[in-house]
Amino acid sequence: MIHDLKGEDNMSSLTGMLFAAVKENSDRLKFITDFMSQEEIDYKGPGNLYNSTAQLLRHITFVDLNWVYRIKGQTIPYDMLEQYGPMIDKNNKLPFMEGVSRDTLISQHQLIMNMLQETCTNLTDADMDIVVTFGHRSEKQASVRWGLWHMADHNRYHQAHINQLRKWFHTHTSDQ
């Protein structure tokens, strides 16, 4: 297999390349979480001090959902906010989550990736210059180009956390 960042045939070249980076990281997320037990998905690290893989998967999905709707220039429908949100709880932490399967979380993320793919097929390379707002209070600005790159980067960033949780989990369970 040749790794490449060539986008879909029906996408402009720059849009396709950025979408391919997001897709590559989404596919990697599926791979690194494959075969995780529910106990491992819910594991919060030594002393329960960290976000679980479940929390991180939901967080990645919600961040990506937000970016898809920013790129589309639309507001996220209320039912989707309810299903995937909030971004943070009243204590500024990722919301508590337990007992949701890896397959459910990955399927939900895939739905968002399908929305992104559809959105990207309607974008031109010139659309990459469109500026959108983001942040907890929409206090920041970025180009659509940066937003797509950020989706890939953010996903990969949290994959490092998931990999660390996996190491801790396997060390913890082998000690018992």
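Keep in mind it's a predicted model, so treat the numbers as computed, not measured.
- In this pair, W67 and F134 present their aromatic rings tilted. The plane angle is within the 30 to 60° band.
- Between the side chain of Q108 and the main chain of L105, no donor-acceptor pair closer than 3.5 Å is present.
- Residues F169 and V100 are members of one and the same hydrophobic cluster, defined by side-chain heavy-atom contacts under 4.5 angstrom among Ile, Leu, Val, Met, Phe, Trp and Tyr.
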Between Q117 and K23, is the side chain to side chain contact (heavy atoms under 4.5 Å, CB included) condition met? List the steps. CA-CA 9 Å; Q117 183 175 6; K23 185 177 183 319; 5.8 Å; no
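- For the pair H158/H161, a side-chain contact is recorded, criterion being any heavy-atom separation below 4.5 Å from C-beta on.
- Hydrophobic clustering of Ile, Leu, Val, Met, Phe, Trp and Tyr side chains at less than 4.5 Å, counting indirect connections, unites I88 with M80.
- Residues Y43 and E39 have side chains that never bring a donor and an acceptor to within less than 3.5 angstrom of each other.
- For the atom pair CE (M87) and CG (N92), the distance works out to 12.0 Å, reported to the nearest 0.5 Å.
- I162 and F96 end up in different hydrophobic clusters when Ile, Leu, Val, Met, Phe, Trp and Tyr side chains are linked at under 4.5 Å.
- At a threshold of 4.5 Å between non-hydrogen side-chain atoms, the residues Y84 and L111 count as touching.
- I60 and L65 are not part of a single hydrophobic cluster, where members link through side-chain heavy atoms under 4.5 Å apart.
- D125 and S12 share a donor-acceptor pair across their side chains, judged by distance under 3.5 Å alone.
- Residues E118 and N122 have side chains that never bring a donor and an acceptor to within less than 3.5 angstrom of each other.
- Between M11 and L123, every side-chain heavy-atom pair lies at or beyond the 4.5 Å cut-off.
- Contact of the L148 side chain with the M128 side chain is registered, since non-hydrogen atoms from C-beta on lie closer than 4.5 Å.
- Here the shortest heavy-atom pairing between T75 and Y69 reads O-CD2, 3.6 Å.
- With contacts defined as side-chain heavy-atom distances shorter than 4.5 Å, the pair H154/H59 qualifies.
- Residue D9 qualifies as open at atom CG: its count of foreign heavy atoms under 6.0 Å is 12 or below.
- Side chains of K30 and Q110: a donor-acceptor N/O pair is present below 3.5 angstrom, by distance only.
- Hydrophobic clustering keeps Y78 apart from M115 (ILVMFWY residues linked when any side-chain heavy atoms are closer than 4.5 Å, directly or through intermediates).
- Note: H172 and W168 fail the aromatic proximity criterion, with ring centroids not under 6.0 Å apart.
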Quick one, R58 with Q55, criterion side chain to side chain contact (heavy atoms under 4.5 Å, CB included). Give me CA distance, side-chain angles, the key distance, then yes/no. CA-CA 5 Å; R58 176 57 54 86; Q55 287 173 289; 5.9 Å; no
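- The distance from the CG atom of L81 to the CD1 atom of I76 is 5.0 Å, given to the nearest 0.5 Å.
- Considering only heavy atoms from C-beta on, I112 stays 4.5 Å or farther from L116 through its side chain.
- N91 contributes no side-chain N or O that, together with a main-chain N or O of K93, makes up a donor-acceptor pair within less than 3.5 Å.
- Heavy atoms only, all atoms of each residue included: V132 and R70 are closest at CG1-O, 3.5 Å.
- When only modelled atom types and interatomic distance are considered, N155 and Q159 share a side-chain donor-acceptor pair under 3.5 Å.
- For the atom pair CD1 of I71 and CE of M151, the computed distance is 6.0 Å after rounding to the nearest 0.5 Å.
- The aromatic rings of W146 and H150 sit parallel to each other, their planes meeting at less than 30°, with 60° as the upper class boundary.
- In this structure, Q38 places its CD atom where more than 12 heavy-atom neighbours from other residues, nucleotides or ligands lie under 6.0 Å away.
- Within the 4.5 Å cutoff, no side-chain heavy atoms of M97 are placed close to those of L57.
- Contact between M113 and F19 at its shortest, heavy atoms only, is O-CE1, 4.2 Å.
- Remark: the D64 side chain and the T61 side chain contain no N/O donor-acceptor pair separated by less than 3.5 Å.
- E98 contributes atom CD, which lies 12.0 Å from atom CD1 of I41 (distance to the nearest 0.5 angstrom).
- Across P86 and P95, no two heavy atoms sit closer than the pair O-CG, 3.3 Å.
- One distance of note links CD of E24 with CG of L29; it measures 12.0 Å at 0.5 Å rounding.
- A salt bridge is absent between R156 and D153; no separation between the charged side-chain nitrogens and carboxylate oxygens falls under 4.0 Å.
- Of the possible donor and acceptor atoms, none in the side chain of E8 sits under 3.5 Å from a partner among the backbone N and O of G16.
- For the pair L165 and L56, the minimum side-chain heavy-atom distance is below 4.5 Å.
- To the nearest 0.5 angstrom, S107 atom OG is 8.0 Å from R102 atom CZ.
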